[in-house]
Amino acid sequence: MLNNVVRTRFAPSPTGFMHIGNLRTALYEYLIAKSAGGKFILRIEDTDQDRLVDGALDAIYDTLNAVGLRHDEGPDIGGPYAPYVQSERKDDYLAGAQRLIQEGKAYHCFCTTERLVELKEAGGDHAGYDRHCRNLSAEEVKDKLAAGVPSVIRQKMPLTGTTTFSDTVYGDITVDNTELEDQILIKSDGFPTYNFANVIDDHKMAITHVVRGSEYLSSTPKYNLLYEAFGYEIPRYIHLPLILGEDGHKLSKRHGATGFSDLIAEGYLPEAIINYIALLGWSPTDTRELFSLAELIERFDVDGISKSPAIFDFNKLKWFNAEYLRKMTEDKFLSLCLPAFKQALPDREFDWSLLASILQNRLTTLNEIPEMIDFLKQLDENYSIEIYKHKKMKTTLESSLDMLTQILPLLETVEEWTRTVIHETLIGAAVAWEVKNGYLMWPVRIAVSGKSVTPGGAVEILTLLGKQESLRRIEIGRNKLMAARND
RNA sequence: GGCCCGUUAGUCAAGCGGUCAAGACAUCGCCCUUUCACGGCGAAGGCAGGGGUUCGAUUCCCCUACGGGUCACCA
């Protein structure tokens, strides 16, 4: 009945914060399931009790929620295969391991950590376990167990031959069994290792597609051997190419903000992040790049997954972010900006929607707002008058002083200080004086902003500042220019 | 070091034997324009190298180089 339903799972361990690589894996798992009308399951892999980190679980839920990856089953919402937390399924693993022991496919190993370390040192850096306990006699095992000697359970790997598995992305991969160590199934603390718990759970939870990063490619033969030992059906493997930092190494902290929450803190939008990482390792059949999550579900296809690793490029992310900012409705954009506006300009009321409108296609991230609008709060009177000179506008210190002196009385007569009236006044003046718009606008904008580059033009800035403040700033500019002339 | 995987411009990436080798980001130029940005147009830039196979290789095979991953009582 459920045989044809695609089931994927995102199985993070709560040992840190949500990394971009993990998120991308979760995204693809989600897309693979949803594009086939299947189920996306969340399972928490907390078998390493020493590495649990407070808050890590919340980060997982918060991130999935923020980007809209809704799971169909999971610890918080339950499901037909509950529980979805590995520490609550310990009995399953132990029972499985016992069964393998009984069938002669696994064994107790009493080797101490010290012995293992010595082995490694003696045999060079890359020596594996020597299978010392593989052939202990039944009595010996019984005695040690009875005496309470700590032990782990290891799987007996075949000593000869090869193991082949098939990956949807990478094709058939074969390794010599001699490469495979007798892997630990159950640790001495009674918890299962990752590999073992994974196989048991994926089978019991009827996972059909095992999707994960390609760093697991080399441990996949071990999975197959486990599935075979149990007689379980082998799931479809889909390994994903890694995401690397700009230096070509696996993405990590030293590459800057690569945690989901870091990116959010830097002003990136969840939709932009999702859109970008969807394209890191996958491409559609056409040249389209902008996709909502729903559109990704529609278009996603495992055929488009690539094999080679991708370098995380902040430039491209920035472009996506700017695109999302620009195509947002004005209201949505305003509501996103408002907190930053009010924080940057605390004392006065501005025309917030006008401010938002001049910022909307100039922003890359929300975090750029403060520095872009700080001049509205206060004029830095120490700006250099050199910026009044502009070659293309043909403005000079003299012409600027002239324009400012002439426009001041005109602006004083403006009763209704609105964008339209200000615009008419300025343009009207330029026409009347037979000068190009920029010849007048440039010095006015410089005077009211003190900056050579501003979001918006003279008209917008005057409108935002209000009559009194605008005239005050123009007056200041005029005085600066006059003082310079008299030197 | 062994094993595994990969290699098209600075980056993402299409290509699945015959193409002037798409497209996007970044870069540069021009246009638009009261600065910047947006938008429009354009430029520069690539099949890692060497052998095969083939009438013909970016595409298939081998070798080399480079890059990455993995070799835990971590996931």
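This one's a predicted model, so the numbers in the text were calculated from it and none came from an experiment. Numbers restart at 1 for each chain; the letters A, B, ... are given by sequence-line order, proteins then strands.
Using N1 to N3 plus N6-O4 or O6-N4 for Watson-Crick, or N1-O2 and O6-N3 for G-U wobble, each under 3.5 Å, B:G1 pairs with B:C71. Base pairing of B:G6 is made with B:C66, judged by Watson-Crick or G-U wobble geometry with both donor-acceptor distances under 3.5 Å. Across all strands shown, the partner of B:A24 is B:U11, judged by Watson-Crick or G-U wobble contacts whose two distances both fall under 3.5 Å. Base pairing of B:U33 is not made with any nucleotide, judged by Watson-Crick or G-U wobble geometry with both donor-acceptor distances under 3.5 Å.
Here the nucleotide nearest the side chain of A:Ser188, chosen from B:G68, B:C73, B:C12, is B:C73. Each of B:U11, B:A14, B:A75 was ranked by its minimum atom distance to the side chain of A:Ile311; first place goes to B:U11.
The shortest distance between the side-chain N/O atoms of A:Lys187 and the OP1/OP2 oxygens of B:A75 is below 4.0 Å. Distances shown here put every side-chain N or O of A:Lys222 at or beyond 4.0 Å from the OP1 or OP2 atom of B:U70. A sub-4.0 Å separation between OP1 or OP2 of B:A14 and a side-chain N or O of A:Ser283 is present.
Here the separation of B:C38 from B:U33, taken at their C1' atoms, is 11 Å to the nearest Å. Annotation: B:G23 and B:C41 have their P atoms spaced 12 Å apart (nearest Å). Using atom P as the reference point in both B:A21 and B:U58, the two lie 10 Å apart (nearest Å). Comparing the same atom, C1', in B:U8 and in B:A13 gives a spacing of 9 Å after rounding to whole Å. Only the C1' atoms considered, B:A22 is 30 Å distant from B:C62, to the nearest whole Å. Across B:C47 and B:C16, the matching C1' atoms stand 14 Å from one another, rounded to whole Å. With both ends at atom C1', the span from B:C3 to B:A9 equals 33 Å, rounded to whole Å. Rounded to whole Å, the P atom of B:G68 lies 26 Å from the corresponding atom of B:A75.
At the heavy-atom level, A:Ser308 lies under 4.0 Å from the strands shown only through sugar-phosphate atoms. Using a 4.0 Å heavy-atom criterion, one finds that A:Thr47 contacts the sugar-phosphate atoms exclusively. Here A:Ser306 lies in heavy-atom contact (under 4.0 Å) with sugar-phosphate atoms only. Contacts of A:Glu181 with the nucleic acid, taken as non-hydrogen atoms under 4.0 Å apart, involve only primed sugar atoms and P, OP1 or OP2.
The residues A:Asp286 and A:Arg299 are annotated as salt-bridged, a charged nitrogen and a carboxylate oxygen being separated by less than 4.0 angstrom.
Relative orientation of the A:Phe312 and A:Phe314 rings is perpendicular, given thresholds of 30° and 60° on the angle between their planes. Ring geometry, A:His390 versus A:Trp442: the interplanar angle falls from 30° to 60°, so the pair is classed tilted.
In this entry the distance linking OH of A:Tyr216 with P of B:A72 reads 15 Å, nearest Å. Atom CZ in A:Phe312 sits roughly 13 Å away from atom P in B:A13 (whole-Å rounding). The distance from atom CD of A:Glu215 to atom C1' of B:A75 is 9 Å, rounded to the nearest whole Å. Look at CD1 on A:Ile200: it is 15 Å from P on B:A75, rounded to the nearest Å. Per the geometry, CG belonging to A:Asp172 stands 14 Å off C1' belonging to B:C4, to the nearest Å. Between A:Tyr170 atom OH and B:G6 atom P the separation is 7 Å, expressed in whole Å. Taking atom CG on A:Asp167 and atom C1' on B:G69, their separation rounds to 14 Å, with Å as the unit. Distance, A:Lys318 NZ to B:C12 C1': 16 Å, rounded to whole Å.
Taking the ring centroids of A:Tyr223 and A:Phe165, they lie at or beyond the 6.0 Å cut-off. Note: A:Phe196 and A:Tyr194 fail the aromatic proximity criterion, with ring centroids not under 6.0 Å apart. Checked against a 6.0 Å centroid threshold, the rings of A:Trp282 and A:Tyr28 do not count as neighbours.
Checked options A:Leu465, A:Val414, A:Leu411, A:Ile476; the residue passing with A:Leu471 is A:Leu411 (criterion: side-chain contact (heavy atoms from CB on, under 4.5 Å)).
Of all the heavy atoms in A:Gln86 and A:Asp46, the pair that sits closest is N-OD1, 3.5 Å. Here the closest non-hydrogen pair linking A:Thr395 and A:Gly438 is CG2-O, 4.1 Å. Closest non-hydrogen pair, A:Ile311 versus A:Gly245, comes out as CG2-O, 3.4 Å.
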Q: Classify every nucleotide of nucleotides 26-40 of chain B by which part a protein heavy atom approaches to under 4.0 Å, writing B for the base, S for the sugar-phosphate alone and - for neither, in 5'-to-3' order.
A: S------BBBBBS--

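Within the cation-pi definition used here (under 6.0 Å to the ring centroid, within 45° of the axis), A:Lys480 qualifies as a partner of A:Tyr383.
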Look for any protein N or O under 3.5 Å of an N or O in nucleotides 42-47 of chain B and output each such pair with its distance, or none.
none

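A 4.5 Å side-chain heavy-atom check between A:Pro221 and A:Leu180 finds at least one atom pair inside the cut-off.
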